[in-house]
Amino acid sequence: MTANDQASRLRNMARQQIPEATLFSSRVMAVTSGKGGVGKTNVVAGLAMALAQTGQRVAVLDADFGLANLDILLGLSPTHTLEHVLRGEKVLEEIILDGPMGIRMIPASSGIQELTRLDTAAELRLIQGLQRVSETTDWMLIDTAAGIHDSVIKLLLAAQEVLLVTTPEPTSLVDAYAMVKVMHLRDPQKPIWLLINNAQSEEEAEETIEQLQAATRRFLDRELKTLGMIPSDPCLLQSVREQRGVVERFPRSPSAMAFRQIADQLKKKVPLQKDGFASFWKQLSFEES
Ligand SMILES: Nc1ncnc2c1ncn2[C@@H]1O[C@H](COP(=O)(O)OP(=O)(O)OP(=O)(O)O)[C@@H](O)[C@H]1O
Ligand SMILES: [Mg+2]
């Protein structure tokens with residue numbers, strides 16, 4: 001038996017350590033964009049809070065290995081990350097931070113890129129940790145780095161659903177299309193939800209949606225699922241300055257209302273996945289590209 005065969009046998013054994021009875025239903029959604037700075041991190045924080053407000057148990061995974069700043073928006077300061085779990089220095093529960101409204105954050109920005117080359121012991125540690133977290137979680141929202149990097153694409157492919165954020169700006173729209181195209185070529189079945197952020201009006205958002213849909217229809221022969229828009233909102237900017245989520249800080253603001261409305265749509269439209277977390281992990285660590 002070659003070293004490779006042996007490694008893959010060990011991996012399979014690690015996978016089989018998930019007893020069927022302990023797989024819990026949850027939804028795993030990765031938030032992405034083509035262009036940077038379009039509002040992904042704010043969307044993760046806003047949706048996490050809007051979902052949490054309706055009693056959903058939410059965990060957020062900060063997987064932006066460029067500039068991790070979800071912690072800032074949630075008013076948290078992580079001292080340890082997934083890297084420490086993978087090295088065996090911490091268990092997952094020890095790095096998870098308790099944020100506002102019961103939202104739990106897994107700081108993964110450093111460590112997430114190592115996920116594809118774990119040894120068996122590290123895999124087991126991670127899978128058992130994720131299993132324990134999934135027992136008390138309805139949603140895992142993943143904040144990613146912008147752009148079409150291979151490690152980002154892997155994360156997106158592993159997630160059950162992808163939420164693509166774009167602003168109405170032509171540059172953001174072109175990059176959003178590029179992202180859809182890359183995703184589509186890798187997995188044409190992957191559900192992609194389109195969300196327009198920072199729109200000046202409903203009309204502008206609708207136009208943006210139609211432009212992107214026209215391109216995907218014509219060149220990829222597919223329609224994106226749409227979630228509508230988050231308006232451009234000074235209250236959101238103010239809440240970022242205060243390191244608070246807009247949903248909590250200015251609940252009556254236009255963007256907070258939009259987040260709540262989108263959270264309701266997500267609850268209705270996104271199906272529960274039987275082993276959401278475990279399946280995400282398996283795909284992430286076994287996807288070869
Ligand atoms: N709806 C909105 N109204 C007003 N300002 C917004 C809105 N959405 C985002 N912003 C502002 O846009 C900036 C970028 O937002 P954010 O950090 O969430 O983007 P990002 O896509 O996560 O960026 P990066 O690619 O760097 O991770 C922030 O200053 C934020 O306050
Ligand atoms: Mg961000």
Side-chain angles (χ1 to χ4, degrees), residues 29-50 60-76 78 81 99-100 103 105-110 112-113 141-149 151-153 155-156 159 162-169 171-180 182 192-206 208-209 227-263:
M29 186 164 228
V31 177
T32 188
S33 67
K35 188 172 179 279
V38 299
K40 290 178 297 300
T41 303
N42 277 281
V43 164
V44 170
L47 289 180
M49 287 189 174
V60 293
L61 184 75
D62 186 353
D64 183 348
F65 33 80
L67 272 175
N69 48 21
L70 185 58
D71 50 348
I72 299 171
L73 280 189
L74 295 175
L76 299 170
T81 74
I103 296 166
M105 185 178 91
I106 308 175
S109 48
S110 63
I112 202 85
Q113 282 172 304
L141 302 178
I142 306 169
D143 189 17
T144 68
I148 309 164
H149 307 291
S151 38
V152 176
I153 300 296
L155 264 178
L156 302 179
V162 170
L163 196 163
L164 176 67
V165 182
T166 179
T167 68
E169 265 180 60
T171 44
S172 169
L173 200 57
V174 167
D175 292 355
Y177 173 75
M179 176 56 93
V180 174
V182 170
I192 302 179
W193 299 86
L194 177 61
L195 176 59
I196 311 300
N197 183 34
N198 227 339
Q200 298 303 324
S201 64
E202 284 281 351
E203 295 71 38
E204 189 189 40
E206 274 161 28
T208 308
I209 292 171
L227 286 170
M229 66 100 148
I230 310 283
S232 179
D233 183 2
C235 289
L236 188 144
L237 279 176
Q238 178 59 30
S239 66
V240 170
R241 278 191 211 106
E242 295 178 24
Q243 297 192 25
R244 301 268 303 277
V246 71
V247 170
E248 190 185 32
R249 176 68 182 84
F250 299 108
R252 309 300 322 156
S253 65
S255 58
M257 289 197 281
F259 280 124
R260 283 199 297 273
Q261 201 260 332
I262 291 161

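Because the structure is a prediction, the values reported are computed rather than measured. In each ligand, atom 1 is the first atom listed, and ligand 1 is the first ligand listed.
For ligand 1, the atoms closer than 4.0 angstrom to any heavy atom of Val240 are 31 (O). Close contacts between ligand 1 and Gly36 involve ligand atoms 25 (O) [criterion: under 4.0 Å to a heavy atom]. Residue contact check: Asp64 has heavy atoms under 4.0 Å from atoms 27 (O) of ligand 1. Under a 4.0 Å criterion applied to the non-hydrogen atoms of Asn197, ligand 1 contributes the atoms 1 (N), 2 (C), 7 (C), 8 (N), 9 (C).
The distance from the Mg ion (ligand 2) to the nearest N/O/S atom of Asn69 is not under 2.8 Å.
Taking 4.5 Å as the limit, some side-chain heavy atom of Ile196 sits within range of a side-chain heavy atom of Pro168. The shortest distance between side-chain heavy atoms of Asp143 and Val60 does not fall below 4.5 Å.
Checked by atom type and distance alone, the side chain of Arg260 pairs as donor or acceptor with a backbone atom of Pro251 at under 3.5 Å. Looking at Thr144, its side chain never comes within 3.5 Å of a backbone N or O of Asp64 through a donor-acceptor pair. Proximity of a side-chain donor or acceptor of Ser172 to a complementary backbone N or O of Thr167 within less than 3.5 Å is detected.
Here's the thing with Asp143: none of its N/O atoms is less than 3.5 angstrom from an N/O atom of ligand 1. On a distance-only criterion, Ala146 and ligand 1 share no N/O pair closer than 3.5 Å. Annotation: Thr41 places an N or O atom under 3.5 Å from an N or O atom of ligand 1; distance criterion only. Between Lys35 and ligand 1, no N or O atom pair is found at a separation short of 3.5 Å. Residue contacts with ligand 1: Gly37 is placed with a nitrogen or oxygen under 3.5 Å of a nitrogen or oxygen of the ligand (distance criterion only). Ligand 1 has a nitrogen or oxygen under 3.5 angstrom from a nitrogen or oxygen of Pro231. Taking any N or O of Ser33, backbone or side chain, none lies under 3.5 Å from an N or O belonging to ligand 1. For Asn69, no nitrogen or oxygen atom sits less than 3.5 Å from a nitrogen or oxygen atom of ligand 1, counting backbone and side chain alike. Taking any N or O of Gly39, backbone or side chain, at least one lies under 3.5 Å from an N or O belonging to ligand 1.
A distance of 10.0 Å separates NZ of Lys40 from CG of Leu164, quoted to the nearest 0.5 Å. For the atom pair CG of Leu73 and CZ of Arg244, the computed distance is 12.0 Å after rounding to the nearest 0.5 Å. Note that CG of Asn197 and OG of Ser255 are 8.5 Å apart. Values are rounded to the nearest 0.5 Å.
Closest heavy-atom approach to atom 15 (O) of ligand 1 within the set Asn42, Leu237, Val31: this belongs to Asn42.
Of the candidates Ile153, Ile192, Thr166, Ile153 is the only one forming a side chain to side chain contact (heavy atoms under 4.5 Å, CB included) with Met179.
By the neighbour-count criterion of 12 heavy atoms within 6.0 Å, atom CD of Glu242 is densely surrounded, having more than that number from other residues, nucleotides or ligands.
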